[in-house]
Peer 1: 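For reference, the structure I am asking about is given below.
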Amino acid sequence: MFQPVSSSTDFPAQERQVLEFWKRTRAFFRLRELLAHSQKRFAFIDGPITANNPMGVHHAWGRTYKDLWQRFFAMKGYNQRWQNGFDCQGLWVEVNVEKDRGFQTKRDIESFGVEKFILLCKQRVLNSAAMQTEQSIRLGYWMDWDDPDELRMLAEKIVTSPQEVITLRRDGKAIQGTVEQLVGQLGTPELGRSYFTFSDENNYQIWHFLKRCHERGWIYRGEDVIPWCPRCATGISQHEIDTEGYKDREDPAFTVRFKLTHFDTTHIQWASSEAREKFLHAHGAFMLAWTTTPWTLAANIMLAVGPQLRYSVVRQVHKDGEIAVYFLGAQTLRTLRGEYEVLGEIQGVHMAGWTYQGIFDDLPAVIDTIKKWEDLHGKTFRHPVILWEEVSETEGTGIVHNAPGAGPEDYQLGKAHSMPRIAPLDENGIYLPGFNELSGKHAHDVPDIVEAMLRARGWFYRREKYLHRYAHCWRCGTPLVYRMVDEWYISMDELRYEMMEVVQRINWIPAFGKERELDWLRNMHDWMISKKRYWGLALPIWEYPDGTFEVIGSYEELKARAVAGWEEFEGHTPHRPYVDKVKIRHPQTGLIGTRVSDVGNPWLDAGIVAYSTLRYRTDRAYWEQWFPADFITESFPGQFRNWFYALIAMSTVLEKREPTRTILGFATLLDEKGEPMHKSKGNAIEFNEAADRAGADVMRWLYIRQRYDDNLLFGYNALNEVRRTVILPLWNAYSFFVTYANADDWSPHQERPSLELRNQLDRWILARMAETVNSVHQSLMAFDARPAALAIEVFIDDLTNWYIRRSRERFWGSQMTTDKRAAYATLYEVLTTLARLIAPMMPFLSEVMWQNLVHQRDVSAVTTAPEGAFSVHHQPFPEPRPLDESEQNLLDAMQITRLVVTLGHNARAQSKVKVRQPLNKLSIVADAQAQTVILAQQELIKDELNVKAVEFVTDEQSLVTYRVLPDLKKLGKKLGETLPRVRTALSQLDPVQVVTRVRAQQPVEVDGVTLQPDEVIVQRIPKPGLSVAGDNSIVVALDTTLSEALIQEGLAREVVRRINDLRKSAQLHISDRIITHFTASPRLAEAIRAFADYVQRETLSIELHESPAAQSIASEQFHIDEEQLTVWINLGHAIMEGQRS
RNA sequence: GGGCGAUUAGCUCAGCUGGUUAGAGCGUCCCUCUGAUAAGGGGAAGGUCUCAAGUUCGAAUCUUGAAUCGCCCA
């Protein structure tokens, strides 16, 4: 007996039962045992998920792919590592801990204590990892998961008692250490399970990598002007500003007058003869420059003009009587206020070398900087006008204010022109001393002060509001500033080309990924690897007082080199503040080296995992077995310059090899309207909520059927559609099978009829199954999920809406016949194959089906682990095989049959005669080959369309006319421009004559051109007015004449339908026998009498009486067209079992 | 500003190397079938295939330009 199956199942609840089943039976561990000795390996490396928050439905997308292919290859017998990863170090964790604690600045962290702060960061990671582990398990993701409670225990103790010695148990072995030490060893071979990028091994492996870079001379300390978050007080690397980092912001835009002190009028083309005079009589000549970052004006050094641009010279008389002349881009005169007169024009190139009076040359800091510059260069400093190709006139005045200490391009230009640099801000974005009223103020708070200062000096021209895209901190949302700082870099001069070679060897899905990555490599700057923060990789760079530095490559090396501070560090993970204590001595100079206080870029942490988690330093043979990965997958946004990039960079440096053979990237998850999901916008869907409401299988299916390069519009409507169109039909097919198999006491152990004894439908669905297996297998091997999902959807539709629907009656009879056995055997084979086929995609549903169909058990009732390969996930994936010719023919034949049926329904609709009304015959026009097929399937067609006979029409012209068309593909080349004429001429010939010739394989003469028979296409057009339907090859017609017998039969069928509705509404069981009483109007009563056997059979009425019943469990009056019917039904008890034929 | 991609029905998208009447799913409406099915079937409405020019016997498809929208990079 199979476990009874309800047709209305709570899928999420059922999934929780399956999770319990897997847990109790240790199903995942059984899988690992079964695969442990396999020689085949599928190497997957998990891109670490940021362990900072609960996971979202977007994470579940990628994790579904990861699980899909791990399960698929497991079913194909490939051994695997099953290691999940957590990304642990970096600013994002710090920001959240700061938020929790209410910290505003780095000073708050310092006064709280770096040591305690780091522990809080570790705690947050461990707690988030515990939560994400639970959620991933809920998704059905099979991995070597940690026990969430153990992670939470560690999270608790890492803060309360980090130095307590505790014991963790693994496979009966006890592993001892302090809490801090054990946390640093998570994911190692000894402790196993998920890897954590904060682990000792991960950090030391990065040290090794950086040392290798240093050996090649690529590590350097660079001064640069970089985007800087004033809240986090750290630089934001180019890698980190993604599109999310840009937000609309309204800033004050200033137009400022820069008074020229030296210029040359030779190249000015004067507009008129008086223009030059007017120019010379003005009170002052100014360059007009425009900026949206007024805080940088105090650092102004130069002005830049475009060498090719034309500049206008304009004269304005101001209210206070001042007469001024201005230089500004000829296309930018709209920026002027008030009336003006154009005096002339000059090309930008001629303005090079002009000088102007610095706008804030009176500020102590500016005086000081310029003084130093003059001392160094031995000459007086003048603010210059320089040329810059990048200057445009689309914004501002075509003259660019340049502050080499406060903007990245400015910095490069300043360097090229050997200009002084004024760096006005400290790390919190506050003006340094020496800027008078600006000092002590925040960069974003000074527009009013700047305006006042400009006005006081006479340099103010205009202020407006300006809305633009501005870079914000990707973690805390604060608008960025630019600061000149020392940071550590890896030079990309050589590495980028080596990486490009490695990129070429990777299979990128979708293919454009390769170009994206190459494009990034071509354009990227040197890799900034430092961050002036606390929680992260301790950069293993020790600096000496003379400015030289060394990179330390391992714990052992540091220990050997340490001259102080080792005792304080030993026993701790390589994090701040302990590692900072260790000093080393320079072998030659004897100077004492101190670690730079910076921490590392977090993408180093994630990029190294192809080495650190595969025991590269400790067990090279193991690494060789699992490297490179066969497959990795992540969502692309950001990853071309983040994880994919770091992974490739580090593997290129260490081994010049690709870290993975295939990279699958996929797009972004959005809400149902296509908007990004944001908690604050209220359109975010929590993973737990989605899993509870829709179920993990449904979610997984939505992900799997999604195109990789399209954004996924995620929401409950989409989920519900999956449930309705995929899950429910499949479930119903399964529930149908179980219901009838139980009723018939059918068991898989009974002998099953050989293929020859199965009918056409059976063989057809088995061929379709094989075809589907082939297609799914092929797609999954190519890492192409969507076609696999779509093939299964089509198959489920074929199964439910054709195979089962057409086979229903075979399951109804009370006798067990060979045909019935064939039907059970076939449906059983299909469902068990299907369960294995969908197992990697819908692990829950497939498990429920498998346990019941194969083991006749309910997952919730299993308490101990069964023997052997008990789970569907322990089964081999269905084997692909080529279809033989007869199977192929059967597939083609069924297609034709279904076409005839579709056309028949179409004709029915036109005739307005319901399907319930039997008709005498269906006439068909079809070619010989199709006729054979139709003949073979005629019972099915007759039944489906409710006609008594199917016949082929000899005189097809009674039903159809013809359309004859030239075969354009063939004739286009042959005829060229005479084609339209031939086409018209052909359409004017008598189609019947053309058809006659073509069918006789005779050529056709058209307008002097001879067309071969195969160059003419003949279409059959149904004649209008008949109940006729057709496509171009097959035409069907219904004979709608009704005899009294047919009408009676139709009425009888109506009666059956009414009685069965009544049975249903009385909630009778399918097999309940009834006693039926009725009264009816004369014509109807006669019909019922004539078809009494039929009515009784179809309604399971053991008695049928033409009289009212005294009492009944259900009764109803009906109107059928003009006729009246009243029906009473009563339970008939099963005493008459066997009467039903 | 540069690069890549897109623009087809109300919505989400197919339409391969040019070919005859441009399709599907969802949604809407009508009809219909039904003792596994909250399903299924038939039909209707809905498209100047973003615009313009070109190549061609023939363009949703190829070329060029424009517009708009993404993504990536400046």
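Every chain is numbered from 1 and lettered A, B, ... according to where its sequence line falls, protein lines coming before strand lines.
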Peer 1: Closer than 3.5 angstrom, by distance alone: can the side chain of A:R786 be matched with the main-chain N or O of A:R705 as a donor-acceptor pair?
Peer 2: yes

Peer 1: Examine B:G43: is either OP1 or OP2 under 4.0 Å from a nitrogen or oxygen in the side chain of A:N906? Give yes or no.
Peer 2: yes

Peer 1: Can you identify which nucleotide, out of B:G42, B:U12, B:G35, has its nearest atom closest to the A:L713 side chain?
Peer 2: B:U12

Peer 1: Report yes if a side-chain nitrogen or oxygen of A:R522 is closer than 4.0 Å to either non-bridging phosphate oxygen (OP1 or OP2) of B:C73; otherwise report no.
Peer 2: no

Peer 1: Looking at B:C57, I'd like to know if its phosphate oxygens (OP1 or OP2) sit under 4.0 Å from a side-chain N or O belonging to A:R981.
Peer 2: no

Peer 1: Please state whether the phosphate of B:C73, meaning OP1 or OP2, lies under 4.0 angstrom from any side-chain nitrogen or oxygen of A:R641.
Peer 2: yes

Peer 1: So, for A:D1014 and A:K970, which heavy atoms are closest and what is the spacing to 0.1 Å?
Peer 2: O-NZ, 3.1 Å

Peer 1: Nearest to the side chain of A:L965, which nucleotide is it out of B:G19, B:C33, B:U20?
Peer 2: B:U20

Peer 1: In the strands shown, is B:G5 matched to any nucleotide by a Watson-Crick or G-U wobble pair with both distances under 3.5 Å, and which?
Peer 2: B:C69

Peer 1: Taking atom C1' in both B:A22 and B:U61, what distance in whole Å separates the two?
Peer 2: 11 Å

Peer 1: Measuring to OP1 and OP2 of B:U32, would you say a side-chain N or O of A:R908 lies under 4.0 angstrom away?
Peer 2: no

Peer 1: Using a cut-off of strictly less than 4.0 Å, decide whether A:R724 has a side-chain nitrogen or oxygen near OP1 or OP2 of B:G40.
Peer 2: no

Peer 1: The side chain of A:W520 lies closest to which of these nucleotides: B:G35, B:C73, B:U20?
Peer 2: B:C73

Peer 1: Quick one: the side chain of A:R963 and the base of B:U21, do they pair up donor-acceptor inside 3.5 Å?
Peer 2: yes

Peer 1: Any idea which of B:U20, B:G35, B:C57 is nearest the A:D967 side chain?
Peer 2: B:U20

Peer 1: From C-beta outward on A:H905, which listed nucleotide comes closest to its side chain: B:G42, B:C57, B:A36?
Peer 2: B:G42

Peer 1: Quick one: is B:A36 close enough that its OP1 or OP2 comes under 4.0 Å of any side-chain N or O from A:Y734?
Peer 2: no

Peer 1: Hey, does the side chain of A:R916 come within less than 4.0 Å of B:U34's phosphate (OP1/OP2), counting only N and O?
Peer 2: yes

Peer 1: Specify the closest pair of heavy atoms between A:L713 and A:E672, including all atoms of both residues, with the distance to one decimal.
Peer 2: CD1-O, 3.8 Å

